[in-house]
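First up is the structure itself, then whatever we jot down about it.
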Protein chains: 2
Amino acid sequence: MQKSLTIGRVAELSGVNVETIRYYQRFGIITEPKKPLEGYRIYPEATINRIIFIKRAQQLGFSLKEIAELLELGDGNCGDIMKRAEEKRDYINHQIDDLLRLKTTLDTLITACRTDDEAAHCPIVDTLTAK
Amino acid sequence: MQKSLTIGRVAELSGVNVETIRYYQRFGIITEPKKPLEGYRIYPEATINRIIFIKRAQQLGFSLKEIAELLELGDGNCGDIMKRAEEKRDYINHQIDDLLRLKTTLDTLITACRTDDEAAHCPIVDTLTAK
DNA sequence: ATAAAGTCCGTACCATAGTACGGAGTCAAG
DNA sequence: CTTGACTCCGTACTATGGTACGGACTTTAT
């Protein structure tokens with residue numbers, strides 16, 4: 001006799017919090033089983049797999065909204081899914097570029113601080129200050 | 001006779017919204033002038049410079065909280081400010097590393113999609129799906 | 001004087017992904 | 001039966017940096 005899958009069990013088996021599952025249900029990315037006339041809701045085993053998919057996709061940088069779209073595509077749409085992955089990869093490239101630019105600016109300011117002998121003036125403050 | 005600096009004028013001259021200034025005041029990073037017995041609040045001209053400082057520091061990746069700390073250090077503490085900039089630069093490096101790792105993973109998955117002749121199986125979906 | 005623009009103030013909302021809580025009801029084990 | 005664990009449900013909160021709104025009051029320009 002297999003244990004019924006209550007929300008706590010699903011949470012434990014999929015490695016998330018009960019609250020997180022409730023949130024996913026409200027978000028619509030997880031289906032909430034009907035409340036039985038007696039006892040607690042019983043979740044299908046597939047729910048666990050679905051949650052694991054969600055967490056792994058999150059680790060790839062997809063938002064919940066994007067993950068919902070991936071799940072809708074499902075298997076058999078490799079082209080579409082690859083396209084989504086390419087878009088995400090491009091977005092991440094963009095972020096990296098931004099950060100690299102930022103880092104360069106900061107490095108420049110830090111170097112200016114190191115080489116500026118006048119403690120009365122801070123090149124960073126000067127840069128940030130109006131004028 | 002110089003125009004009094006009401007909040008709208010300050011907003012216009014510093015390039016932010018009135019609502020943003022109100023938010024900064026609530027946040028505590030901008031001082032809210034006392035309400036005169038008659039008429040609107042009059043802002044000191046220094047408020048404009050301070051807001052410009054804030055926006056420029058934001059562009060360097062500092063949070064409002066961090067900016068408040070920078071502003072408190074003020075000029076004359078180049079060492080401390082440089083230290084903050086170094087910490088921010090290090091944090092950004094960390095972010096870049098994370099993103100690069102993510103990009104590599106995605107690239108690997110995308111490549112697998114391109115070289116997989118079986119449309120029935122999507123390497124991305126396989127990777128995300130529970131094992 | 002009038003109307004439009006501006007300010008004030010308190011409150012609520014946005015996006016994202018959760019997290020927490022209180023009270024009520026249910027289930028399971030001793 | 002009792003107690004503790006669990007579920008349910010509705011509501012609120014977190015972090016960050018804003019943005020919006022409604023009603024009341026003030027200022028400005030015609």
Side-chain angles (χ1 to χ4, degrees), chain A residues 1-44 47 50-71 88 91 95, chain B residues 1-44 47 50-71 88 91 95:
Chain A
M1 179 54 189
Q2 195 169 19
K3 263 190 177 178
S4 302
L5 283 177
T6 56
I7 192 169
R9 290 281 297 153
V10 174
E12 186 185 339
L13 291 172
S14 50
V16 298
N17 292 335
V18 169
E19 304 288 347
T20 307
I21 296 175
R22 295 200 196 283
Y23 173 70
Y24 289 167
Q25 284 169 166
R26 293 200 302 276
F27 191 83
I29 203 171
I30 290 289
T31 305
E32 181 181 63
K34 282 209 164 195
K35 176 86 184 291
L37 290 183
E38 296 197 326
Y40 300 140
R41 287 186 170 88
I42 303 304
Y43 288 77
T47 306
R50 193 165 170 97
I51 293 169
I52 290 172
F53 182 103
I54 292 166
K55 301 310 286 186
R56 287 182 178 169
Q58 278 184 323
Q59 284 170 351
L60 286 190
F62 292 101
S63 66
L64 282 185
K65 194 180 170 206
E66 289 164 338
I67 293 166
E69 289 164 2
L70 291 178
L71 283 167
K88 180 59 59 182
Y91 176 69
Q95 283 183 298
Chain B
M1 176 57 188
Q2 195 168 21
K3 265 192 180 177
S4 301
L5 283 179
T6 54
I7 192 169
R9 291 282 296 151
V10 175
E12 185 184 340
L13 292 172
S14 51
V16 298
N17 293 335
V18 168
E19 303 288 347
T20 307
I21 297 177
R22 295 201 198 282
Y23 173 72
Y24 289 169
Q25 285 169 165
R26 292 200 302 277
F27 190 84
I29 202 170
I30 289 289
T31 305
E32 182 180 62
K34 283 209 164 194
K35 176 85 182 293
L37 291 182
E38 296 196 327
Y40 298 142
R41 288 185 170 86
I42 304 302
Y43 288 76
T47 305
R50 194 167 170 97
I51 292 170
I52 290 172
F53 183 104
I54 291 166
K55 301 310 290 189
R56 286 181 180 169
Q58 277 183 323
Q59 284 171 353
L60 287 189
F62 292 101
S63 66
L64 282 185
K65 193 181 171 205
E66 288 164 338
I67 293 166
E69 288 164 0
L70 290 178
L71 283 166
K88 180 59 56 179
Y91 176 69
Q95 283 183 299

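From a predicted model like this one, the values you see are computed outputs, not experimental measurements. In what follows, chains carry the letters A, B, and so on, assigned in the order in which the sequence lines appear, proteins first and then strands, with residues in each chain numbered from 1.
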For [N] and [X] - does any side-chain N or O of the residue sit under 4.0 Å from the phosphate oxygens OP1/OP2?
X	N	result
B/Thr20	D/dG18	no
A/Thr6	D/dC6	no
A/Arg41	D/dC9	yes
A/Arg22	D/dC8	yes
A/Gln58	C/dT16	no

Mind checking whether B/Ile54 and B/Leu71 have side chains closer than 4.5 Å, heavy atoms only? yes
Contact list for [range], test side chain to side chain donor-acceptor pair (under 3.5 Å), sequence neighbours left out:
range	result
residues 7-18 of chain A	none
residues 57-71 of chain A	A/Lys55-A/Gln58, A/Ser63-A/Glu66, A/Glu66-A/Lys88, A/Glu69-A/Arg84
residues 31-44 of chain A	A/Gln25-A/Glu32, A/Gln25-A/Tyr43

Would you mind reading off the distance between [X] atom [atom1] and [N] atom [atom2], rounded to a whole angstrom?
X	N	atom1	atom2	answer
B/Leu37	D/dT26	CG	C1'	14 Å
B/Gln25	D/dT19	CD	P	15 Å
B/Tyr23	D/dA15	OH	P	11 Å
A/Ile42	D/dC8	CD1	C1'	13 Å
B/Ile51	D/dG18	CD1	P	11 Å
A/Ile54	C/dT16	CD1	P	16 Å
B/Phe27	D/dA15	CZ	P	11 Å
B/Lys34	C/dC8	NZ	P	15 Å

Could you list the residues that satisfy side-chain contact (heavy atoms from CB on, under 4.5 Å) with A/Ala68, not counting sequence neighbours? A/Ile29
Pairs satisfying salt bridge (charged side-chain N to carboxylate O under 4.0 Å, His left out), at least one member in residues 18-31 of chain B, at least two apart: none
So how far is it from A/Thr47 OG1 to A/Ile7 CD1, rounded to the nearest 0.5 Å? 10.0 Å
Indicate for each nucleotide in nucleotides 20-30 of chain C, in 5' to 3' sequence, whether protein heavy atoms under 4.0 Å reach the base (B), only the sugar-phosphate (S), or nothing (-). BB---BBS---
Given D/dT7, C/dG18, D/dG18, the nucleotide with the shortest approach to the side chain of B/Tyr24: D/dG18
Can you figure out which of D/dT7, D/dG18, C/dT7 approaches the side chain of A/Ile7 most closely? D/dT7
